[in-house]
Amino acid sequence: MKSLVELRQLRSEIDNKQAAAQLNLKAKIIVGMGTCGIAAGAREIFEAIEEELQKGNSDAVLTRTGCIGMCEQEPLVDVQLPGGDRVTYGKVTKDDAIRIIREHVLGGAVVEDKAVARCITGKQQTGHELDQQARIPTYDDLDFYRKQYRIVLANCGRINPESIDQYIAVGGYEACAKALTMMSPEAVIAEVKGAGLRGRGGAGFPTGLKWELTRKTPSGKKYLICNADEGDPGAFMDRSLLEGDPHRIIEGMIIAAYAIGASEGYIYVRAEYPLAIRRLQIAIEQAKAYGFLGKDLFGSGFDFDLKIKKGAGAFVCGEETALMASIEGKRGMPRPKPPFPSVSGLWGRPTNINNVETFGSVPWIVKHGAEAYKAVGTEKSTGTKVFALTGKVKNTGLVEVPMGMTIREIIYDIGGGLDEGKELKAVQIGGPSGGCIPRDLLDLPIDYESLRDAGAMMGSGGMVVMDNSTCMVDVARFFLKFTQSESCGKCTPCREGTKRMLEILDRICSGEGREGDIELLEELGNHICHTSLCQLGGSAPNPVLSTIKYFRHEYEAHIKDKRCLANVCAGMGGAYVIDQQTCIGCGLCARVCPTGAVSGERKQPHVISEQLCLSCGACAQKCPVSAIVQA
Amino acid sequence: MNCICGHAQESYAKYFDPLYSILSNYSKDESSLIPVLQDAQDHYGYLPLDVLKEIAGYLGLSLGKVYGVVTFYSQFHLQPRGRNVIRVCTGTACHVRGGAEVLKAIENELGIKSGGTTDDLEFTLETVACIGACGLAPVIMVNDDTHGRLAPETVAMVLNAYRTKGEEVSRATSHVSH
């Protein structure tokens, strides 16, 4: 590969090939095969379809794609008849799959009751199918997609991640060709700086500035690292991106390597993501074969080689200095900064580390220019951010929105709000380093500064919706337990401090909290934040501090009244009682009671034996009419 | 590696041959340590002390250093593990959607606690912080397969698919007895 012209030529060849395939009038069936799709049973569906196609003697083409972000609807199957729109089916079972093949692929009639959406690709459809398709909403009609702005996720769920041709067919590697053949490294950096791109790993350091610092450090050898050690519980955008569009990340890395002058790159991926690793391996091999990786790329004299490093299960390796220690074969422990990696990083050489999503934004910026990127988002936080929307929300999934959108818009307009009349209590943003945002701050715009001021953090972009059945003290304890067990043990504030905080939370949750515990947690938390060596410790108290800030009354209820307002913390306070007027006698409480303390006739009000009740609260959680309260 | 059959030397060589072929793929320095350990564990199922000693010798590192790395990362194991490894996600989304109940159900089904291995070496049970399939919470992983939207009631069905099939066992034993 020598030039943009050559790449464009290749693209038109691929286009012609695809057009020829269209003329062959073959139907296309595409199964969503990301980790979530497979978890929902996509592999069995794939096999069932294969079998059914053979039976029906069909020459339809069966392929796979990555995650389109609609996790709630998995497994997803797309069908595109020659000339027709691409129709997406959701929550497909084996039987549905067989029906879809028989009725749609072989019979030409859309299975309307299973269709979720369609993507307008058709040009020449007529008759029955056209009428039918018109009744199915397009992707842009769906609430889930209408407010999204997909830059990084544009290809996820659209192309086959194991085919470099499909990536090239949608304009892939053109940004990298443009950068290497028509721009100087300084010009690339200026473009990224001008776009205002900030690190998507959480802290939000300006990417262009980081590149410039690494470029300016004189050294014979420099390294580039992609941090794909996505460890935050509740975040999975990096996995989906690597599984769904690995070439985008590789392209972003080639551009970055050219800009800083690095000849060797590493992608550090969690070992828990086997599919992402496999797809990356395939993508790297393909990129090498096409001449996008290797020597003298695009005739620029620039060499770049890329390797995958598998993590070994340590959350702290998401911290950049710990990550580099791990690549070097050492225990993954952070070290003090400065020197920053841009001066002395991997094996003492200048090194630039960026997150997956950051690299994923780069090709778009180079292709469309800084101004176009800056037009999206807010003044200080430009562009888009991907969030993993999970928890008690209707449409769980991956969403990419312009920065500055409010939390309310994301949860209610895109996520469809909460399940069956449940009430939102808080939103946890940023995983174990982030915080809980209460309901009255829902109109907070999502950008680095607003979140930080509210006591949360962009983090990697996990967004977990919680309702009234969630105890905020328990949530804080959950996160602290996580960071405490992942603390590498090198510095005292993090090693000892988080342990002490966890002990205090444990006793609060078991009803043995003492007067002054809240103040003690605050004091300890602030010290840990300010004195820890790395950001694991530096942000570990955030979930505790933010829940104390917004839900102090829940802590007080645990300590003073020995009560858990959400009935989550077991064994606290006195026995439970059933309100005889409200009870409908459904018997659900009797079924979940571990000690058989509940008795009563069906359809008659039940009672709880005070002697047998353990105060675990299981009955109160199950009660459909909220008739059970603590005495 | 004590052996009473008199073929200690041969058994020893046979035992380490796969390790040597793993090592030959890597350069003799510290940066190879983690990938070598990963490959060795893939082959042996865990990291026996003898294997660690060989690795340390080949890479020119002290056994203490190798041991330090092995015990630092949660992925490495010094004890034998089950044929199937179950990883129960305890991440935020799974936590909120009843992951703990699923874990309890598996513990009851297998009669082991998290971190344990069944006596027949069929299953090892552990918890992980997040599998990254939060949209399908609660989620578990068995080996490299992810299973989502689980409930305590459906756990047994998932696990049964991984048990060595009855007939296969009898075939295997009959093969041994012949």
Side-chain angles (χ1 to χ4, degrees), chain A residues 34-36 38-41 43 69-72 74 230-236 238-240 270-275 309-315 317 326-333 347 388-392 396-398 428 431-432 462 464-466 469-470 475 478-479 482 485-486 488, chain B residues 26-27 29-39 41-42 59 61 65-77 87 89-101 126-150 158:
Chain A
T35 292
C36 25
I38 292 172
R43 200 172 280 149
M70 250 193 307
C71 305
E72 194 59 30
E74 298 277 7
E230 183 177 57
D232 279 14
F236 54 94
D238 293 354
R239 173 184 64 71
S240 289
R270 287 179 86 194
E272 286 88 340
Y273 289 174
L275 186 62
K309 279 276 178 183
K310 259 197 320 182
F315 176 69
C317 287
S326 180
I327 292 182
E328 291 171 3
K330 300 188 177 83
R331 297 204 267 171
M333 285 179 163
W347 291 295
L389 190 57
T390 59
K392 305 278 174 80
T396 56
L398 267 195
Q428 211 283 342
V464 186
V465 178
M466 295 164 179
S469 65
T470 315
V475 165
F478 166 80
F479 280 112
F482 173 79
S485 71
E486 291 294 342
C488 77
Chain B
Y26 293 97
S27 58
D29 58 56
E30 197 178 10
S31 70
S32 309
L33 179 57
I34 292 173
V36 165
L37 290 171
Q38 283 168 333
D39 287 1
Q41 182 164 281
D42 274 349
L59 298 178
L61 303 169
K65 195 152 202 169
V66 173
Y67 189 79
V69 167
V70 169
T71 50
F72 182 84
Y73 294 100
S74 61
Q75 198 191 58
F76 297 127
H77 304 280
R87 296 184 176 89
C89 182
T90 55
T92 330
C94 291
H95 182 75
V96 194
R97 285 200 178 184
E101 306 302 315
E126 49 190 46
T127 57
V128 289
C130 186
I131 289 171
C134 315
L136 297 169
V139 183
I140 68 167
M141 248 175 124
V142 184
N143 307 327
D144 278 352
D145 308 332
T146 317
H147 300 271
R149 292 191 189 126
L150 288 173
V158 172

Taking every heavy-atom pair that is under 4.5 Å apart, which of [options] has the most such pairs with chain B?
| options | result |
| --- | --- |
| A:Ala314, A:Pro432, A:Pro274 | A:Pro274 |
| A:Met466, A:Lys392, A:Glu272 | A:Lys392 |
| A:Gly311, A:Gly41, A:Gly431, A:Ala388 | A:Gly311 |
| A:Gly391, A:Cys317, A:Gly34, A:Ser326 | A:Ser326 |

So which atom in [X] and which in [Y] form the shortest heavy-atom distance, rounded to 0.1 Å?
| X | Y | answer |
| --- | --- | --- |
| B:Ser74 | A:Gly313 | OG-O, 2.7 Å |
| B:Phe72 | A:Gly332 | CZ-O, 3.1 Å |
| B:Ile34 | A:Ala312 | CG2-CB, 4.2 Å |
| B:Arg149 | A:Glu72 | NH2-O, 2.9 Å |
| A:Lys309 | B:Pro35 | NZ-CG, 3.9 Å |
| A:Arg331 | B:Tyr73 | C-OH, 3.7 Å |

Legend entry - Atom OH of B:Tyr26: over 12 foreign heavy atoms under 6.0 Å: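 Atom OH in B:Tyr26 is packed in, count exceeds 12.
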Check: In this structure, are over 12 heavy atoms from other groups packed under 6.0 Å from A:Lys330 atom NZ?
Finding: yes
| message | Which atoms of B:Gln38 are under 4.5 Å from chain A, going by heavy atoms: the side chain, the backbone, both sets, or neither? | response |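 B:Gln38 touches chain A through side-chain heavy atoms alone.
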So, the part of A:Phe315 with a heavy atom under 4.5 Å from chain B: the answer is neither
Item to check | Contact class of A:Asp238 relative to chain B, heavy atoms under 4.5 angstrom | outcome: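 Contact with chain B is absent: no heavy atom of A:Asp238 under 4.5 Å.
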Most heavy-atom pairs under 4.5 Å with chain A, out of B:Val128, B:Leu37, B:Val139, B:Thr90, belong to B:Thr90
Next on the checklist: Counting heavy-atom pairs closer than 4.5 Å to chain A, which one of B:Thr146, B:Leu59, B:Val69 comes out on top?
Outcome noted: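 The residue among B:Thr146, B:Leu59, B:Val69 with the greatest pair count is B:Thr146.
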Q. Measuring from A:Leu275:CG to B:Asp144:CG, what's the distance to the nearest 0.5 Å?
A.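 Here the rounded value is 9.5 Å.
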